[in-house]
Amino acid sequence: MFKIGDKVLDRNGRIFLIECSEMKDFGNGDAPYFVLKPCFRYDFNDGYRTYVPEDRSASLLRPVMEREEALEIIDSLPSLETFPEVNPRERKNFFTKVVSSGNRTDICKVIKTLLAYRQERLRRNKQFSDFDRRLLNSLILLFTNEISVALEMEPESVLLFVKERTGLILE
């Protein structure tokens with residue numbers, strides 16, 4: 001399914017380049033592994049690499065979206081509904097499940113939901129929780145990183161591009 005030179009997302013939404021394939025023995029005998037190099041800094045050092053067994057890569061990785069899909073998602077943002085209001089305890093579990101599903105449309109719905117919730121909290125002079133703030137920031141970062149790869153643009157330009165194309169402010 002994947003080949004050397006492909007850009008892929010791991011289960012956490014981080015983007016990697018499949019740098020090469022190597023035979024490795026991590027305790028179960030030699031097996032072919034993809035060597036993944038991070039495309040963005042994240043919290044890794046410059047020499048960081050991770051290994052994914054080639055025979056399990058389809059369940060551990062997914063391809064970065066294509067240009068057309070990225071534009072489709074951006075264009076759909078204004079019409080995307082937010083998720084219904086959920087109490088804070090349930091929201092954390094619900095949003096965590098949505099994010100781990102990898103469904104890009106649902107992830108965008110979580111971003112829109114958190115942005116609307118933050119606006120409502122600000123309007124009422126109430127705090128936006130640390131969990132919600134961290135989740136929103138990480139989702140926006142993952143969104144901008146994947147869109148930047150799909151559209152071959154700098155990540156810093158993505159939010160301005162979205163704003164100019166849709167009128168939405170995602171920060």
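This one's a predicted model, so the numbers in the text were calculated from it and none came from an experiment.
Minimum heavy-atom separation, N103 to D106: OD1-N, 2.9 Å. Of all the heavy atoms in L80 and K112, the pair that sits closest is O-NZ, 2.9 Å. Contact record, N145 with P155: OD1-CB, 3.9 Å, taken as the closest heavy-atom pair. The nearest pair of heavy atoms linking L115 to L136 is CD2-CD2, 3.8 Å. In this structure, N28 and D25 approach most closely via the heavy-atom pair N-OD1, 3.4 Å. The two residues G13 and L142 come nearest to each other via the heavy atoms O-CD2, 3.2 Å.
Among L9, T144, V64, the one residue that satisfies the side chain to side chain contact (heavy atoms under 4.5 Å, CB included) test with V149 is V64. Checked against V8 for a side chain to side chain contact (heavy atoms under 4.5 Å, CB included), the options V52, L17, L60, I18 give a single hit: I18.
Contact of the R165 side chain with the L77 side chain is not registered, since no non-hydrogen atoms from C-beta on lie closer than 4.5 Å. Side-chain contact between P63 and M1 is present, with heavy atoms from C-beta onward closer than 4.5 Å. With contacts defined as side-chain heavy-atom distances shorter than 4.5 Å, the pair E171/I169 qualifies. A 4.5 Å side-chain heavy-atom check between D10 and F16 finds at least one atom pair inside the cut-off. In this structure the side chain of Y51 never reaches within 4.5 angstrom of the side chain of L36, judged on heavy atoms. Between L141 and F40, the closest side-chain pair of non-hydrogen atoms is not below 4.5 Å.
In E22, the CD atom is crowded: over 12 heavy atoms of neighbouring residues, nucleotides or ligands sit closer than 6.0 Å. Residue-environment remark: NZ (K92) stays at or below the threshold of 12 foreign heavy atoms within 6.0 Å. In this structure, R56 places its CZ atom where only 12 or fewer heavy-atom neighbours from other residues, nucleotides or ligands lie under 6.0 Å away.
Each of I73 and I15 belongs to its own hydrophobic cluster when Ile, Leu, Val, Met, Phe, Trp and Tyr are linked at side-chain heavy-atom distances under 4.5 angstrom. Linking Ile, Leu, Val, Met, Phe, Trp and Tyr residues whenever their side-chain heavy atoms come within less than 4.5 Å places F161 and I140 in a single cluster. When the side chains of ILVMFWY residues are joined at heavy-atom separations under 4.5 Å, either directly or via intervening members, I107 and L61 end up in two distinct hydrophobic clusters. Side-chain heavy atoms closer than 4.5 Å link hydrophobic residues (I, L, V, M, F, W, Y) into clusters, and following such links, possibly through other members, connects L139 to V162.
Using cut-offs of 30° and 60° for the angle between ring planes, the Y42 and F44 rings count as perpendicular. Between Y33 and F26, the ring planes are perpendicular. Angles over 60° get that label, and only those under 30° would be called parallel.
Here D46 pairs with R41 in a salt bridge; the nearest charged N to carboxylate O distance falls below 4.0 Å.
Considering SG of C108 and CD1 of I147, their distance stands at 7.0 Å, rounded to 0.5 Å. Atom-to-atom distance recorded for L122:CG and Q127:CD is 9.5 Å, nearest 0.5 angstrom. Annotation: the span from T166 atom OG1 to I74 atom CD1 amounts to 8.0 Å, rounded to 0.5 Å. The CZ atom of F128 lies 12.0 Å from the CD atom of E120; values are rounded to the nearest 0.5 Å. Residue M65 holds its CE atom at 8.5 Å from CG of L151, rounded to the nearest 0.5 Å. The distance from the CZ atom of R118 to the OG atom of S129 is 12.0 Å, given to the nearest 0.5 Å.
Note that R91 lies in the cation-pi zone of Y117, set by a 6.0 Å cut-off to the ring centre and a 45° limit from the axis.
Identified under the ring pair (Phe, Tyr, Trp, His ring centres under 6.0 Å) test for residues 54-84, with sequence neighbours left out: F83-F94.
With hydrogens and angles disregarded, no donor-acceptor distance shorter than 3.5 Å links the side chain of N12 to the backbone of R14.
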